[in-house]
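Working notes for the structure below.
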Amino acid sequence: MSPLFASRSKHLPPGPPGLPILGNLTQIPSTEQWVWFHEISKKYGDVNTLHVLNTTLIVLNSHKAIDALFNKQVERYSSKPPRKMSDLSDLTMTLPFMNPGDVFDNARKQFHLEVGPGAVPAYNTDYERSSRRFLQALAGDLACADLTRLIDDSLGHVFLKVSTGYEAKAGDTILTRMNDLAHFAADVLGDKFQKLDVLPFLASLPTWVPVAGPLLKLGAKWKKNLHETADATVQLAQQGKAAGNDSVMSNLIAASGEKAMDDRSKMIAVTMNAGGMLATESATLTFLLAMAKFPELQRRAQAEVDGVTGGTRLPTMADRARLPFVDAVLSEVLRWVSIAPVSKSLPLPPSLSRARNRNSADAEDTLAQLRAR
C-alpha cells in the first residue's frame with residue numbers, strides 16, 4: 001500500500017514529495033513534461049523518483065545517467081513506456097512503439113536494408129525532385145501564410161514515393177490520411193491520452209462509460225484507420241511497381257515471393273510516412289528559423305553553394321561532399337532543436353523494483369547502486 005500513500009523508499013533516488021494516493025500526479029504537467037523534469041533535477045539531482053497512483057517512475061535528466069542505464073545496460077532497461085492508447089490503436093505494430101526484441105530487430109533490419117546509408121542514394125532523384133517542388137511552392141507563398149501545409153505536402157509526396165513508388169496526385173486522400181495518422185501517433189507519444197496509463201482500469205470499461213468511452217472509441221477508430229492505410233500502401237506499391245517505380249514496399253513484396261505480406265511488414269510504409277513526416281517537418285521549420293535568426297550563417301552557406309554551382313543551378317545530392325559547411329549547418333539544426341524530447345520518464349520495471357539507490361549524484365554510482373540487491 002505504500003505507493004498509494006506516496007511514501008518514498010530510502011532505496012530509491014530522491015524526488016519531490018507527493019500527495020496521499022495521487023502521489024505526484026497533480027504536479028506533472030500534461031505537456032512539455034521534460035521541462036518540468038529538468039527543473040526538478042536542479043534540486044534533486046540527475047536521477048529522480050516520482051509516484052503516480054500505484055506506479056513508480058524513475059526519471060533520468062543527464063546524458064551520463066541515460067548512457068549508464070540505456071546504453072551500457074540496454075537489454076535490461078531499454079523497454080519503452082507502456083501506452084495503453086498505442087495498444088488500443090495497434091500502433092505497437094509500428095517501429096516507434098515496438099519494444100526491443102526479435103520483432104523490433106527484424107523491423108530495424110528491414111529499414112536498414114531499404115533506407116540505410118547504402119540504399120538511400122537510390123532515391124536521390126526523388127529527393128531532388130521533391131526539393132524543387134517545395135522551392136516552387138515557397139516561391140508562390142513568400143508571406144509563408146501556409147508554410148506548415150506546404151512542408152507537409154512536399155514531405156508527404158517524397159515519403160510516399162520512396163515508400164510505395166506511387167506519385168501522389170491532386171485530390172488523393174492518402175496524404176491527408178498519412179498526415180492525420182502522424183499527428184495521432186505524435187499525440188500518443190506525447191502522452192495526450194495518459195489517463196489510460198494512470199488509470200489502466202478505464203481500458204476494461206464498456207464504451208458507454210463517460211471518460212473511458214470516448215477514449216476507447218478513439219482507439220478503435222485509429223486501429224481501423226491504421227490497418228486500412230497499411231493495406232492501401234500495399235496497393236499503391238503494386239501500382240508503383242506496375243509503373244516501373246522501385247520502392248521500399250515493392251522490394252519487400254518481391255522478397256516475400258508468393259507469400260502474402262504479414263501485417264507487420266505492411267506497416268513499413270506507414271512507419272516511414274507517419275513516423276518520419278512530423279520529425280522532418282520539425283527539422284525543416286528549425287532550419288528556416290535558423291537561417292532567419294542567423295543571416296550571417298545563411299550568407300556563408302549560400303556562398304558555399306554558389307561556389308560549387310556557379311550560381312546557375314540548384315545543388316544536387318552529388319554536390320554534398322563539396323558542401324561541408326552546409327552539411328554541418330544541417331547537422332547543427334538537428335542538435336540545436338531536437339525533433340523530440342531526449343528526456344523521458346519510464347515506469348519502473350520489475351527488475352528495478354528492489355533497486356538500492358543511496359542518492360549518489362554520479363550516474364555511474366547510481367547505476368551500480370540500482371543494480372545492487
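Keep in mind it's a predicted model, so treat the numbers as computed, not measured.
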In terms of side-chain geometry, is the basic nitrogen of Arg108 or Asp105 positioned less than 4.0 Å from the acidic oxygen of its partner? no

Does NZ in Lys169 sit with more than 12 non-hydrogen atoms of other residues, nucleotides or ligands closer than 6.0 Å?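 Enclosed.
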
More than 12 heavy atoms of other groups within 6.0 Å of Lys161 NZ: yes

Closest heavy-atom pair and its distance - [X], [Y]:
X      : Y      : result
Met249 : Val234 : CE-CG2, 3.7 Å
Met291 : Val329 : CE-CG1, 3.8 Å
Thr92  : Phe97  : CA-CB, 3.8 Å
Val209 : Pro214 : O-CD, 4.0 Å
Ala237 : Ser250 : CB-N, 4.2 Å
Val47  : Pro13  : O-CB, 3.3 Å

Any chance you could lay out the salt bridge (charged side-chain N to carboxylate O under 4.0 Å, His left out) test for Arg149 and Asp141, step after step, and finish with the verdict? CA-CA 11 Å; Arg149 188 194 65 78; Asp141 183 26; over 6 Å; no

Reported [atom1]-to-[atom2] distance for the pair [X] and [Y], which is rounded to 0.5 angstrom:
X      : Y      : atom1 : atom2 : answer
Asp152 : Leu150 : CG    : CG    : 9.0 Å
Leu199 : Leu25  : CG    : CG    : 7.5 Å
Leu147 : Leu138 : CG    : CG    : 6.5 Å
Asn61  : Trp34  : CG    : CH2   : 13.0 Å
Leu297 : Glu332 : CG    : CD    : 9.5 Å
Asn251 : Leu113 : CG    : CG    : 10.0 Å

Would you please test Val120 and Met317 for side-chain contact (heavy atoms from CB on, under 4.5 Å) and show each step? CA-CA 11 Å; Val120 163; Met317 295 296 290; 5.6 Å; no

Which of parallel (below 30°), tilted (30 to 60°) and perpendicular (above 60°) describes Phe184 and Trp222? parallel

With a 4.5 Å cut-off on side-chain heavy atoms, are [Y] and [X] touching?
X      : Y      : result
His227 : Met267 : yes
Leu181 : Asn225 : no
Tyr123 : Val158 : no
Lys84  : Asp87  : yes
Leu155 : Glu281 : yes
Phe111 : Met272 : yes
Arg320 : Pro315 : no
Thr164 : Gln238 : no

Between Leu289 and Leu142, is there a shared hydrophobic cluster once you connect ILVMFWY residues whose side-chain heavy atoms come closer than 4.5 Å? no

Under the 3.5 angstrom rule, does the side chain of [X] hit a backbone N or O of [Y] as a donor-acceptor pair?
X      : Y      : result
Thr284 : Thr280 : yes
Thr94  : Leu91  : yes
Ser130 : Tyr127 : no

Any side-chain donor near an acceptor of the partner, Gln302 and Asp306, under 3.5 Å: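 Note: Gln302 and Asp306 side chains meet the donor-acceptor criterion.
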
Quiz question: by atom type and distance under 3.5 Å, do the side chains of Gln27 and Asn24 form a donor-acceptor pair? yes

Could you walk me through whether Ile268 and Leu95 pass side-chain contact (heavy atoms from CB on, under 4.5 Å), step by step? CA-CA 8 Å; Ile268 295 294; Leu95 191 60; over 6 Å; no

Does the salt bridge (charged side-chain N to carboxylate O under 4.0 Å, His left out) test come out yes or no for Asp197 and Arg83, once each step is laid out? CA-CA 6 Å; Asp197 304 318; Arg83 294 180 174 91; 5.7 Å; no

For Arg322 and Asp319, run salt bridge (charged side-chain N to carboxylate O under 4.0 Å, His left out): C-alpha distance rounded to whole Å, both residues' side-chain angles, the deciding distance at 0.1 Å, then the answer. CA-CA 6 Å; Arg322 294 187 292 163; Asp319 297 317; 2.9 Å; yes

What verdict does the side-chain contact (heavy atoms from CB on, under 4.5 Å) test give for Thr229 and Met178, after you've listed the backbone C-alpha separation in whole Å, the side-chain angles of each residue and the deciding distance to 0.1 Å? CA-CA 8 Å; Thr229 303; Met178 287 288 194; 3.9 Å; yes

Would Leu205 and Leu202 count as a side-chain contact (heavy atoms from CB on, under 4.5 Å) if you check the C-alpha gap in whole Å, the side-chain angles of each, and the deciding distance to 0.1 Å? CA-CA 5 Å; Leu205 297 177; Leu202 292 177; 3.8 Å; yes

